[in-house]
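The structure under discussion appears below in the form of C-alpha cells.
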Amino acid sequence: MSQKVMAAMSGGVDSSVAAALLLEQGYSVCGATLKLFSNEDISEAPSRTCCALTDVEDARRVAYKLGIEHFVFNFKEPFKSDVIGRFAEAYKTGQTPNPCIDCNRYIKFDRLIDRAVLLGMDAIATGHYARVERDESTGRYLLKKAADATKDQTYVLYMLTQSQLGRILFPLGGLLKSEVREKALARGLVTADKPDSQDICFVPDGDYAAFLTDVMGLVSPPGRMTDTAGNVLGTHRGLLHYTIGQRRGLNIGFGSPRYVVRKDVFSNTLVIGEEHDLYSADMTVGDVNFIAVPALNEPTRATVKTRYSQKETVATLTPLGDDRVCVVFDAPQRAVTPGQAAVFYDGDTVLGGGTIL
RNA sequence: UGGGAUGUAGCCAAGCGGUAAGGCACCAGACUUUGACUCUGGCAUUCGCAGGUUCGAACCCUGCCAUCCCAG
C-alpha cells in the first residue's frame, strides 16, 4: 500500500512540480491549497504573490491535470493571528520579523500537518528547496541544504521539529530550479512560467509600512534621527519604515553613505551611522530549536546565517539555557538585526536556529 | 553697513577663459520567497542676480543681493 501524501500546492511552479513528482514516484497524492487571507483584506493583489485567489485556481488546475484530489483549507484566522499578528507585534517593538518563517512554523508545518493526519495522510510535501534525511546512527531526522545552493530554503525551516520532519517530504531538494521549470514545461503545467514569488505574500505591493499603518492600525509617528553620538541630524518618517543596515530612505546626504544602526522605540529615535558602525562581534539568539542534536550542551563551532541570502560565517555557539545561545563570530558581522532568524549549520546540515534578540 | 571670506543640483564639492568631475541623497531597473545590503542606469543647456569684456565666461570686470567671520 503506497504512502499517502498531501502536497501543499500554492499555485506556483515549485509546488506543482513537487506534487507531480510524488505522483510519478508512486505515492498516493492529494493536493491542498491554503487560503491565508482574503484578497479584499489587502490591497490589489495581482500577480506576484502566493496564495492569492488566482493562485488557488492555478493549483486547482494543476491538481485536475494530475488527476488528484484537491482540497482548499481556510487558514485565514490562524494566519491572521500567528503570522500577520506576530509580524505587526515585532514591528511595534522595533524588531524586523520574517513572516515566512512564522508561516512555516505555525501554518504549513503545524496546522496543515494536523489536518493531513486527520484526513488519514502519512505525510505532507511542499515545494521547498531542502532535504530531509534520517541519521541512522542517532535515529534523528536531519534537515540538509538543497542541491541548488542558490535556492536553498533551509534558512526558513530551521524551526522544524523531529515529529514534523518525520512527516515531511521535499521532492525538489535534489533538483535545480532550472530543472524544476523544465519538468513543469514538459508536463504542461499551467504554472510553468509563473515568476518566482517574492515580497511578503500578504503585502503584494511591497509597501509593508503602509500595510502596517493602514490595515493593521499601527501608529508610527515621525521622530528624531541622530548620529551615534546623539546629535540630532533630522527627522525620520516613522520607525517602522526602517530596519538595521538600511541605507535607502534616510534622505540625508553626507560624503559617504549612512545606514540605520539602531531603532529606539522608547524615544522614537532612529540612530544612523557609517558602514563600520554596523558590525557586531556577537549576538544572543533566543527561542532556539535544534534539529541535528537534541540540545546544545557545550560550546560548538558552526557556520551561521544571520539573514536570508547572506553568506554563512564561522562562529562559536555557547548555550545559555532558557532556549538561548550566545554566538561569537570569528569576524564581526554586518547588520545583525533583532527579529531576524539566525540559523546554525554544520556543513550542509542544519544544526538548528533561533531568533536574534 | 569698517575689514575679510564665500555664494556651482536637496547636501557636500571639483573646476580658475574653451563649452559643468565626483560623493551623498533621490528616481528607475536588476538581484532577492522577509525587511535589507549590493549592482547597473538616470539625475544642473547651467554655475546668487543684473550688466560688461571676449570668437568664447562658472571662471575676468562693475553693481546689487545673500550668508559667514573679525572688528565695532
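Chain naming here is simple, since letters A, B, ... match the order of the sequence lines and numbering starts at 1 in each.
- Taking atom C1' on both nucleotides, rA13(B) is separated from rG18(B) by 22 Å, rounded to a whole Å.
- For the P atom pair drawn from rC31(B) and rU40(B), the interatomic distance equals 15 Å after rounding to whole Å.
- Here the C1' atom of nucleotide rA36(B) and the CD1 atom of Ile101(A) are 14 Å apart, to the nearest Å.
- At a threshold of 4.0 angstrom between heavy atoms, the contacts of Tyr308(A) include nucleobase atoms, whether or not backbone atoms are also involved.
- Between Leu233(A) atom CG and rC11(B) atom P there is a gap of 16 Å when expressed in whole angstrom units.
- A cation-pi arrangement is found for Arg334(A) relative to Tyr259(A), the charged atom lying closer than 6.0 Å to the ring centre and inside a 45° cone about the ring normal.
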Scoring nucleotides 21-28 of chain B by protein non-hydrogen atoms under 4.0 Å (B base, S sugar-phosphate only, - none) yields --BBSSB-
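- Under the rule for a side chain to side chain contact (heavy atoms under 4.5 Å, CB included), the partners of Lys65(A) that lie at least two apart in sequence or sit in another chain are Leu189(A).
- For Arg60(A) and Glu57(A), the salt-bridge test passes: some basic side-chain N is under 4.0 Å from an acidic carboxylate O.
- Contact annotation: Tyr242(A) side-chain N/O to rC37(B) OP1/OP2 distance is not under 4.0 Å.
- If you check every strand for non-hydrogen atoms under 4.0 Å, Gln310(A) touches nothing.
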Would you list the atom pairs, donor with acceptor, under 3.5 Å between side chains in residues 163-177 of chain A and any protein atom, with sequence neighbours excluded?
| residue | atom | partner | partner atom | Å |
| --- | --- | --- | --- | --- |
| Ser163(A) | OG | Thr161(A) | OG1 | 3.3 |
| Gln164(A) | OE1 | Thr161(A) | N | 2.9 |
| Gln164(A) | OE1 | Thr161(A) | OG1 | 3.3 |
| Gln164(A) | NE2 | Phe109(A) | O | 2.8 |
| Arg167(A) | NH1 | Asp122(A) | O | 3.4 |
| Lys177(A) | NZ | Asp14(A) | OD1 | 3.1 |
| Lys177(A) | NZ | Asp14(A) | OD2 | 3.2 |
| Lys177(A) | NZ | Asp196(A) | OD1 | 3.0 |

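- Base pairing of rG18(B) is made with rC55(B), judged by Watson-Crick or G-U wobble geometry with both donor-acceptor distances under 3.5 Å.
- Judged by Watson-Crick or G-U wobble contacts below 3.5 Å, the nucleotide rG29(B) has rC39(B) as its partner.
- rA21(B) and rU8(B) have their C1' atoms separated by 12 Å, with the value rounded to a whole Å.
- Across all strands shown, the partner of rU6(B) is rA66(B), judged by Watson-Crick or G-U wobble contacts whose two distances both fall under 3.5 Å.
- For rC37(B), the O4'-C1' to base torsion is within 90° of 0; the nucleotide is therefore syn.
- The list of ring-ring contact (aromatic ring centres under 6.0 Å, His included) pairs with a residue in residues 82-105 of chain A, not counting sequence neighbours, reads Phe87(A)-Tyr91(A), Phe87(A)-Phe202(A), Tyr91(A)-Tyr208(A).
- Nucleotide rA36(B) holds its P atom 14 Å from the CD1 atom of Ile244(A), rounded to whole Å.
- Rounded to a whole angstrom, the distance from the P atom of rC61(B) to that of rU6(B) is 12 Å.
- Look at CG on Leu278(A): it is 14 Å from C1' on rU38(B), rounded to the nearest Å.
- Look at the P atom in both rU54(B) and rU46(B): the space between them is 24 Å, to the nearest Å.
- Taking the C1' atom of each, rG10(B) and rA25(B) are spaced 7 Å apart, rounded to whole Å.
- What separates NZ of Lys311(A) from P of rU38(B) is a distance of 17 Å, to the nearest Å.
- Distance check on atom P: rC12(B) versus rG48(B) gives 14 Å, rounded to whole Å.
- Lys305(A) places its NZ atom 18 Å from the P atom of rC37(B), with the value rounded to the nearest Å.
- Comparing His241(A) and Glu275(A) along RNA chain B, the residue whose closest nucleotide (by nearest heavy atom) sits nearer the 5' end is His241(A).
- In this structure, CZ of Phe87(A) is placed 7 Å from C1' of rG35(B), rounded to the nearest angstrom.
- With a 3.5 Å ceiling on both atom-pair distances, rU34(B) lacks any Watson-Crick or G-U wobble partner.
- Rounded to whole Å, the P atom of rG41(B) lies 13 Å from the corresponding atom of rC24(B).
- Residues in residues 128-138 of chain A take part in these salt bridge (charged side-chain N to carboxylate O under 4.0 Å, His left out) pairs, two or more places apart or across chains: Glu133(A)-Lys144(A).
- Residues satisfying the side chain to side chain contact (heavy atoms under 4.5 Å, CB included) criterion with Pro78(A), sequence neighbours excluded, are Phe75(A), Asp82(A), Ile107(A), Arg111(A).
- Taking the ring centre of Phe254(A) as origin, the terminal cationic atom of Arg258(A) falls inside the region bounded by 6.0 Å and 45° from the ring axis.
- Partner assigned to rU45(B) is none, using Watson-Crick or G-U wobble distances below 3.5 angstrom.
- Between Gln95(A) atom CD and rA36(B) atom P the separation is 17 Å, expressed in whole Å.
- Ionic pairing of Glu89(A) and Lys92(A) is present here: one or more N-O contacts between side-chain nitrogen and carboxylate oxygen are shorter than 4.0 angstrom.
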